[in-house]
Amino acid sequence: LVIPRVEQYTFSSVTPSSSSVLTTWTEGEQVDPTGRAFPRLKNDLILRAAKGEETERVPVWVMRQAGRYLPEFRKVKKEHEFFEIVRTPELATIVTLQPIDRYNNLLDAAIIFSDILVVPQALGLVVEMLPGKGPSFPNPLASPEDMKRLKKKVDVHKELQYVFDAITMTRHALEGRVPLIGFSGAPWTLMAYMVEGGGSKTFSKAKAWIFQHPKESHELLQRITDVSVDYLVAQVHAGAQMLQIFESWAGELGPNEFEKFSLPYLIQIARRVKAELGPEKAVPMTVFAKGAWFALDELSDPSSGFDVVSLDWSHTPAGAKGVSRGRVTLQGNLDPTVLLGGEDAIVEATEKMVRGFFGGADGRKKYIANLGHGILPDVSVDAMEVFLKTVHRVGREVAAEGWSEAEGEADM
Ligand SMILES: Cc1c2[nH]c(c1CCC(=O)O)Cc1[nH]c(c(CCC(=O)O)c1C)Cc1[nH]c(c(CCC(=O)O)c1C)Cc1[nH]c(c(C)c1CCC(=O)O)C2
């Protein structure tokens, strides 16, 4: 692996976008919950892209970047169970840093190693991670009656302090190399797991709930929302510099049901988290509503409260930009299986994507490269490197072309 030299990013060459919504980002010194100063951030590229500012290249990170495709992760997994890693701040820190260390200077963000299912656990449900099978709830919510089993009041500091400790520890260990992303599952996706008891082909149990028991479904979604707001706010206090909400099963709902059972809770989360943090502490928020191509217009509306919309691979860059109309930063959206296609396929698809989202008259801003869903376990570490390097190269090329075009115009 060739490790590039440390780059310095200038703050002065960019002008803040007038369309950056709702928040300001604290650029001064930030302290952890004990009052100890966090290391100064050396690479704020992704935060500037989220704010809508022009960037000199394209920031990039990858969903599930700390995961089974990494041999160093599999090594940790041999000795420790999944939720043991999640609950042990030292282990979560080590694993979060693995891709950052391996792809030194190629990744522009770290995402805290945890899982969306810690919130159902905090609500009182048992969740196991079965090797090779994924998450499993021994006692899912079979009917609305079962909601009695959920904790009425959840103190996130009592139930999930290990996540906050992992965030604080990781933020120190990162030494300001890249920002740290916190996350949570969106209410519908968590409800789907809580009712189905695990993954599902049809989600027929969870979907039957929303049609048979709409009132109780809203009650459940609201309870998950309330915990999620506290959970996300506390992640920022612990040191998270950006937040992503994973609505992984959005596409299981049609547009009408998404409108009722997903979107209102996503918006509520973004608005309440920002209101509770206030303008001084608010951080950029990303929504990933997988499969909800029909909701891009609404999610791009500044009133939704999101700064970044993460796209799956069902969008073309031109199509997504046409609908989103520069109101938010777009993130995504390479089909994760392209990384199984070999170097030529990766370079070609990545180049097309980066030029599509970052190029053009309105380009050089509002774009963060990522995959359209998590990286697959059978991707090689070299394929990941090809993807990251291609994003860097093409992003710089597009930015340079843009600047010379602008100079050309000024000459005329
Ligand atoms: C739906 C969902 C889950 N978890 C998550 C989502 C939303 C994102 C998405 O849609 O992929 C989110 C998640 N899960 C994990 C992270 C860590 C941070 C990262 O590197 O992105 C994040 C952000 C670790 C993990 N979460 C899980 C692993 C694999 C654990 C193992 O080694 O067996 C990791 C690294 C397990 C998990 N956890 C979950 C499933 C369905 C599975 C099993 C399938 C799989 O392995 O991908 C629930």
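Just follow the structure's listing: the first ligand is 1, and inside any ligand the first atom is 1. Only heavy atoms go into these numbers, but all of them, side chains included; no hydrogens, no water, no symmetry mates. All values reported here derive from a predicted model rather than from experimental measurement.
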Ligand-side contact atoms (ligand 1) for residue partner [X], heavy atom cut-off under 4.0 Å:
| X | answer |
| --- | --- |
| Ile111 | 18 (C), 19 (C), 20 (O), 21 (O), 23 (C) |
| Phe113 | 24 (C), 35 (C) |
| Phe246 | 7 (C), 8 (C), 23 (C) |
| Gly134 | 43 (C) |
| Phe73 | 32 (O), 35 (C) |
| Ser248 | 1 (C), 7 (C), 8 (C), 9 (C), 10 (O) |
| Met129 | 36 (C), 37 (C), 38 (N) |

For ligand 1, which part of [X] has a heavy atom less than 4.0 Å away: the side chain, the backbone, both, or neither?
| X | result |
| --- | --- |
| Pro131 | neither |
| Phe183 | side chain |
| Arg64 | both |
| Ile112 | backbone |
| Lys290 | neither |

Return yes or no for this condition: an N or O of Lys77 is under 3.5 Å from an N or O of ligand 1.
yes
May I ask you to check whether Tyr193 has an N/O atom sitting below 3.5 Å from an N/O atom of ligand 1?
no
Testing Arg48, Arg396, Lys365 for salt bridge (charged side-chain N to carboxylate O under 4.0 Å, His left out) with Glu56, which one passes?
Arg48
Donor-acceptor contact below 3.5 Å, side chain [X] vs main chain [Y]:
| X | Y | answer |
| --- | --- | --- |
| Asn370 | Met63 | yes |
| Glu247 | Val287 | no |
| Thr55 | Ala49 | no |
| Asp312 | Gly291 | yes |
| Asp32 | Gly35 | yes |

Any side-chain donor-acceptor pair under 3.5 Å between Gln241 and Gln30?
no
Sidechain N-carboxylate O distance under 4.0 Å for Lys290, Glu252
no
Looking at Phe82 versus Phe113, is the centre-to-centre ring distance below 6.0 Å?
yes
